[in-house]
Amino acid sequence: MKKLGFGLMRLPLVNADSSNEIDIKTLEKMVDLYLERGFTYFDTAFGYCGGNSERAIKKALVERHPRDSYTLATKLHRDYLKTKEDRDGVFNQQLEKTGVEFFDYYLLHDINIRSYPGFEELDCFNWILDKKEKGLVKNIGFSFHDHPDLLDKVLTDHPIFDFVQLQINYLDWESAGIQSEKLYEIAVKHGMKVSVMEPVKGGTLANVNDEVKELFAKHDPSMSISSWAIRFAASLENVMVVLSGMSNMEQVDDNTSYMADFKPLTEEDTKVVMKAAEIIRRDDVISCTGCSYCTDGCPMNIAIPRYFSLYNNDKQERKIDPNRWNPQRGIYNNLTNTFGKASDCIECGQCEGICPQKLPIIKHLKEIAQYWGK
């Protein structure tokens, strides 16, 4: 399987103001070009595009192409379940909406510190394994937005999965908030294949500043800006597919052009990408280096560097599109189940006294508490 996957969360629209009105004719052309160039992996979910993504792929793909010419992945989110009976209720709807008789890949959607107990309570792990044993699902996995320790626990408690879907990109690789590198290392430790989401951070890494553009152009002018991000993720050995949310023909054309005969980044290429990340981080609202000196002895156990990293990420992504969904708020909420909230700060000042960057940490925590509110 070629390593570029077609993410179906951000599809071409008839009306730009409505994420539910999908432009099926344009999507058909995009699907045809993607398949024509030898790619096969499509990724959707029950709730994408207001619940219409699965129906759209039925029209654009399933009804128009042989079943053995593509692979289809979809997902089950905890929020759609109230009882055990709802598991089959959603699954059967997904079969009907997509028009397939089985899914090549099926995921429990967004396992995190809050949803994990609910998935266990409704016995979703045995349920999804049963679907695989019955041939209704070929490969089982889960998507994940939380900290590395929890990922390790889930994979240890439930060694049934074939793959895990993680947010990996060169900007989040060393970040204190997302911790892509640590998440990837845990997946490798458990022998998991990895499906990558958000390789371009919702467009952030396709809309870089002029200094980064110049850096990339000097190293290889033939490559598009977004190609550096996708190829970075695809170069990781355990990555089986990198999902790109493509919403127009130009994106399909560009992505498939350099991924058709994909070659991993060289050591020199990787140095260039890491330099780009360093340049982008200079625009962070809070210039935290993630040393974590401030967390030792914090009486409220506040994950200060992680919150600063998530805040910086969120601010950067909203420069590109102030209204788009991104995972930072959810990750922040998940972390507050383990650590103190930003609003829990009692202003004791021990963090500011030890911070090597001399940051006004108390002020920044107040900003974050107001930014994400309740």
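No hydrogens, no waters, no symmetry mates; every other heavy atom, side chains included, goes into these values.
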Give a yes or no on whether a salt bridge exists between Asp253 and Arg37, defined as a side-chain N under 4.0 angstrom from a carboxylate O. yes
Ring centers of Phe42, Tyr34 separated by less than 6.0 Å:
yes
>> Looking only at the side chains, is there a donor atom on one of Glu120 and Tyr116 sitting less than 3.5 Å from an acceptor on the other?
In response: yes
Is there a donor-acceptor contact under 3.5 Å from the side chain of Asn169 to the main chain of Asp172?
yes
Worksheet item: So, do Tyr106 and Phe91 have ring centers that fall under 6.0 Å from each other?
Response: yes
ILVMFWY cluster, Ile362 and Trp372 together (side-chain gap under 4.5 Å)
no
Practice task
Report yes if some heavy atom in the side chain of Ile140 is under 4.5 Å from a heavy atom in the side chain of Lys131; otherwise report no.
Solution key: no
Q) Are any non-hydrogen side-chain atoms of Leu155 and Phe142 less than 4.5 angstrom apart? A) yes
Check your understanding: Where the side chain of Gln94 meets the backbone of Lys75, is there a donor-acceptor pair that is under 3.5 Å apart?
Key -> yes
- Task: Test Leu171 against Arg281 for side chain to side chain contact (heavy atoms under 4.5 Å, CB included), laying out the working first.
- Result: CA-CA 8 Å; Leu171 192 59; Arg281 280 194 289 268; 3.9 Å; yes
Residues 182-197 vs salt bridge (Lys or Arg N to Asp or Glu O under 4.0 Å), sequence neighbours excluded, gives Asp152-Lys189
*Between Phe161 and His190, is any pair of side-chain heavy atoms under 4.5 Å apart?*
no
Is the His364 to Phe308 ring centre distance short of 6.0 Å?
-> yes
Open item on the list: Between Arg64 and Asp32 (salt bridge meaning N to carboxylate O under 4.0 Å), is one present in this structure?
Closed with: yes
The complete set of salt bridge (Lys or Arg N to Asp or Glu O under 4.0 Å) pairs with one or both residues in residues 302-317, sequence neighbours excluded, reads Lys201-Glu317, Asp314-Arg318, Glu317-Arg324
Q. Thr83 and Glu85: side-chain donor and acceptor closer than 3.5 Å?
A. yes
side-chain hydrogen bond (donor to acceptor under 3.5 Å, both in side chains) pairs touching residues 340-354, sequence neighbours excluded, are Glu347-Lys366
Review point. Is the backbone of His77 close enough, under 3.5 Å, to the side chain of Asp110 for a donor and an acceptor to pair up by distance?
Key: no
Do Glu211 and Arg282 meet the salt-bridge criterion of a basic N to acidic O distance under 4.0 Å? yes
Margin query: Ring-plane angle category for Phe125 and His158, please: parallel below 30°, perpendicular beyond 60°, tilted otherwise.
Written below: parallel
| request: Check for a donor-acceptor pair, side chain of Asn334 on one end and backbone N or O of His145 on the other, with a separation under 3.5 Å. | output: yes
Worksheet item: Does Leu166 reach the side chain of Leu151, with side-chain heavy atoms less than 4.5 Å apart?
Response: yes
Exercise. Within a strict 4.5 Å, meaning less than it, do heavy atoms of the Thr338 and His147 side chains meet?
Worked result: yes
Taken in chain and number order and not counting sequence neighbours, the residues that satisfy side-chain contact (heavy atoms from CB on, under 4.5 Å) with Arg87 are Leu81, Lys84, Asp123, Cys124, Trp127
Ser53 side chain to Thr44 backbone, donor-acceptor under 3.5 Å: no
* Any side-chain heavy-atom pair of Thr98 and Phe103 under 4.5 Å -> yes
Sorted by chain and residue number, the salt bridge (Lys or Arg N to Asp or Glu O under 4.0 Å) partners of Asp146 (sequence neighbours excluded) come out as none
* Asked: Would you say the side chains of Gln251 and Ser244 form a donor-acceptor pair under 3.5 Å?
  -> no
Across all chains, not counting sequence neighbours, the salt bridge (Lys or Arg N to Asp or Glu O under 4.0 Å) partners of Asp23 are none
